Asker: 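Have a look at this one before I ask anything.
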Amino acid sequence: MPEGPSILILKEKVQPFKGKTVVEATCNNKTLNVSLLIDKPITDFKSWGKHFLICFPDFTVRIHMMMFGTYRINSHTKKPPRLGLRFSDDTELNFYACQLQLITEPLDDVYDWQADIMSDKWNSKKAIKKMKAEPELMVCDALMDQQIFSGVGNIIKNEALFKTRIHPESLVAALTSKKRNQMINEAVKYAFQFLEQKNAGTLKKNWQAYHKKECPRDHVPFIRKDTGKSHRTSFYCEVCMKLYE
DNA sequence: GGGAATGTTCACTA
DNA sequence: CTAGTGAACATTCC
């Protein structure tokens, strides 16, 4: 479910609920005091990378889908939802297997919108600055760092590195500035392609690296390895992807 | 049944 | 104190 583009799709789908007032709210664990939501209007939906934000007048409910989160709009599954919202016109929103958090601070104090790769406030110069502050970071970890590239997940990481021919264990400081800029631009570009392809149902079909067995360029087996301090799986080709170190 | 997977945080140890 | 490890959560598929 996660990765930034999927959250944008969710945000788009719930637009009809903007302005509706919650008449009933349930939570299948104790992570959110749902009585706070009763009779409160949803003022907006926002997102920051993988965070989905339901805004109310005086607070925000943060939903993180983690690995397995799902949702249903105007329907539900057999299991009680982690967060279930019902409205007076008999419509409902249900979220499952997700992490909930109440945010009472102003969102501008909590989130650096310029770090969200899919936001129109995205600022690549700021990301470069953050990368320069951690020169020993491997690029696989840098891309997955939500404070630098909010919204990037393991799929976007693998596809962007393959397309730009950068070995995932390359060090940030060793990249040429040209290569670094290519990597950043490709991550952003692919995130939007991800969005389009997911909507078209062609996402998996278009993967060139993620979970692939061999390199489509060189037809040699991909290396599949836990990389970096994040220990997330990378799929890469030692023939065409250069290691900068 | 075991293992893996689009993710993150926290407790614990060396 | 810090870096690294393992656990925890939760779901579905093979």
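A, B, ... follow the sequence lines: proteins, then strands. Residue 1 opens every chain. As the structure is a prediction and not an experimental result, all values here were calculated from the model.
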Asker: Any chance you could encode DNA chain B as dot-bracket? Rule is Watson-Crick or G-U wobble with both distances under 3.5 Å; [ ] for pairs crossing earlier ones, | for another strand.
Answerer: .||||.||||||||
Asker: Using whole Å, what does the distance between atom P of nucleotide B:dG7 and atom CD1 of A:Ile63 come to?
Answerer: 18 Å
Asker: So, A:Ser6 side chain and A:Pro2 main chain: donor-acceptor pair closer than 3.5 Å or not?
Answerer: yes
Asker: So what does A:Lys229 hit on the nucleic acid, given a heavy-atom distance under 4.0 Å: a base, only sugar-phosphate, or nothing?
Answerer: nothing
Asker: Quick one: which residue pairs count as a salt bridge (charged side-chain N to carboxylate O under 4.0 Å, His left out) with a foot in residues 205-229 of chain A, not counting sequence neighbours?
Answerer: A:Glu169-A:Lys225
Asker: Using atom P of each nucleotide, how far apart are C:dG6 and B:dG3 to the nearest Å?
Answerer: 15 Å
Asker: Rounded off to whole Å, could you give me the CE-to-P distance for the A:Met65 and B:dT8 pair?
Answerer: 13 Å
Asker: Can you measure A:Asn154 atom CG to B:dA5 atom P for me and round it to whole angstrom units?
Answerer: 9 Å
Asker: Who passes salt bridge (Lys or Arg N to Asp or Glu O under 4.0 Å) against A:Lys46, sequence neighbours left out?
Answerer: none
Asker: Would you kindly give the CG-to-P distance between A:Asp141 and B:dT8, to the nearest whole Å?
Answerer: 13 Å
Asker: Mind checking A:His231 for me? I need base, sugar-phosphate or nothing, with any heavy atom below 4.0 Å counting as a touch.
Answerer: sugar-phosphate
Asker: OP1 or OP2 of B:dA4 less than 4.0 angstrom from a side-chain nitrogen or oxygen of A:Thr233, does that happen here?
Answerer: no
Asker: From NZ of A:Lys157 over to P of B:dA5, roughly how many Å is that when rounded to an integer?
Answerer: 11 Å
Asker: Tell me: CZ of A:Arg224 to P of B:dG3, nearest whole Å?
Answerer: 14 Å
Asker: Would you measure the distance from the P atom in B:dG2 across to the matching atom in C:dA7 and give it in whole Å?
Answerer: 15 Å
Asker: Contact boundaries of DNA chain C with chain A (under 4.0 Å, heavy atoms), 5' to 3'?
Answerer: C:dT5 to C:dT11
Asker: Strictly by ring pair (Phe, Tyr, Trp, His ring centres under 6.0 Å), give each pair with a member in residues 226-245 of chain A just once, sequence neighbours left out.
Answerer: A:His167-A:Tyr236, A:Tyr210-A:Phe235, A:His211-A:Phe235
Asker: What side-chain donor-acceptor pairs closer than 3.5 Å can you find for residues 175-182 of chain A, not counting sequence neighbours?
Answerer:
| from | atom 1 | to | atom 2 | distance (Å) |
| --- | --- | --- | --- | --- |
| A:Thr176 | OG1 | A:Lys179 | N | 3.0 |
| A:Lys179 | NZ | A:Thr164 | O | 3.0 |
| A:Lys179 | NZ | A:Gln182 | OE1 | 2.9 |
| A:Asn181 | ND2 | A:Ser177 | O | 3.3 |

Asker: Pick the nucleotide of DNA chain B nearest each of A:Phe68 and A:Gln99; which residue has the one closer to the 5' end?
Answerer: A:Phe68
Asker: With sequence neighbours left out, what residues match A:Lys132 under salt bridge (Lys or Arg N to Asp or Glu O under 4.0 Å)?
Answerer: none
Asker: Would you list the pairs meeting salt bridge (charged side-chain N to carboxylate O under 4.0 Å, His left out) in which at least one residue belongs to residues 29-44 of chain A, sequence neighbours left out?
Answerer: A:Lys18-A:Asp44
Asker: Identify each donor-acceptor pair in which a side-chain atom of residues 51-70 of chain A lies under 3.5 Å from a protein atom, sequence neighbours left out, and give them as a table.
Answerer:
| from | atom 1 | to | atom 2 | distance (Å) |
| --- | --- | --- | --- | --- |
| A:His51 | ND1 | A:Tyr111 | OH | 2.8 |
| A:Arg62 | NH2 | A:Gln99 | OE1 | 2.8 |
| A:His64 | ND1 | A:Met66 | N | 2.9 |

Asker: Any donor-acceptor pair under 3.5 Å linking the side chain of A:Gln146 with the backbone of A:Ala115?
Answerer: no
Asker: Could you go through residues 83-94 of chain A and list every donor-acceptor pair under 3.5 Å that involves a side-chain atom there, pairing it with any protein atom two or more places apart or in another chain?
Answerer:
| from | atom 1 | to | atom 2 | distance (Å) |
| --- | --- | --- | --- | --- |
| A:Arg86 | NH1 | A:Glu92 | OE1 | 3.1 |
| A:Asp89 | OD1 | A:Thr91 | N | 3.4 |
| A:Asp89 | OD1 | A:Thr91 | OG1 | 2.7 |
| A:Asp89 | OD2 | A:Lys20 | NZ | 2.8 |
| A:Thr91 | OG1 | A:Lys20 | NZ | 3.0 |
| A:Glu92 | OE1 | A:Asn94 | ND2 | 2.8 |
| A:Asn94 | ND2 | A:Ser75 | O | 2.8 |

Asker: Over how many whole Å does the gap from A:Leu100 atom CG to B:dT8 atom P extend?
Answerer: 16 Å
Asker: With A:Lys11, which residues qualify under salt bridge (Lys or Arg N to Asp or Glu O under 4.0 Å), at least two apart?
Answerer: none
Asker: Reckon A:Gln146 touches a base, only the sugar-phosphate, or nothing at all at heavy-atom distances under 4.0 Å?
Answerer: sugar-phosphate
Asker: So A:Lys157 and A:Asp145, salt bridge (Lys or Arg N to Asp or Glu O under 4.0 Å) or not? Walk me through it.
Answerer: CA-CA 10 Å; A:Lys157 175 197 87 180; A:Asp145 187 329; over 6 Å; no
Asker: Could you identify which residues of residues 77-84 of chain A place a heavy atom less than 4.0 Å from some atom of DNA chain C, listed by residue number, or say none?
Answerer: A:Lys79, A:Arg82
Asker: Send over the distance from A:Ile156 CD1 to B:dA5 C1', rounded to a whole Å.
Answerer: 16 Å
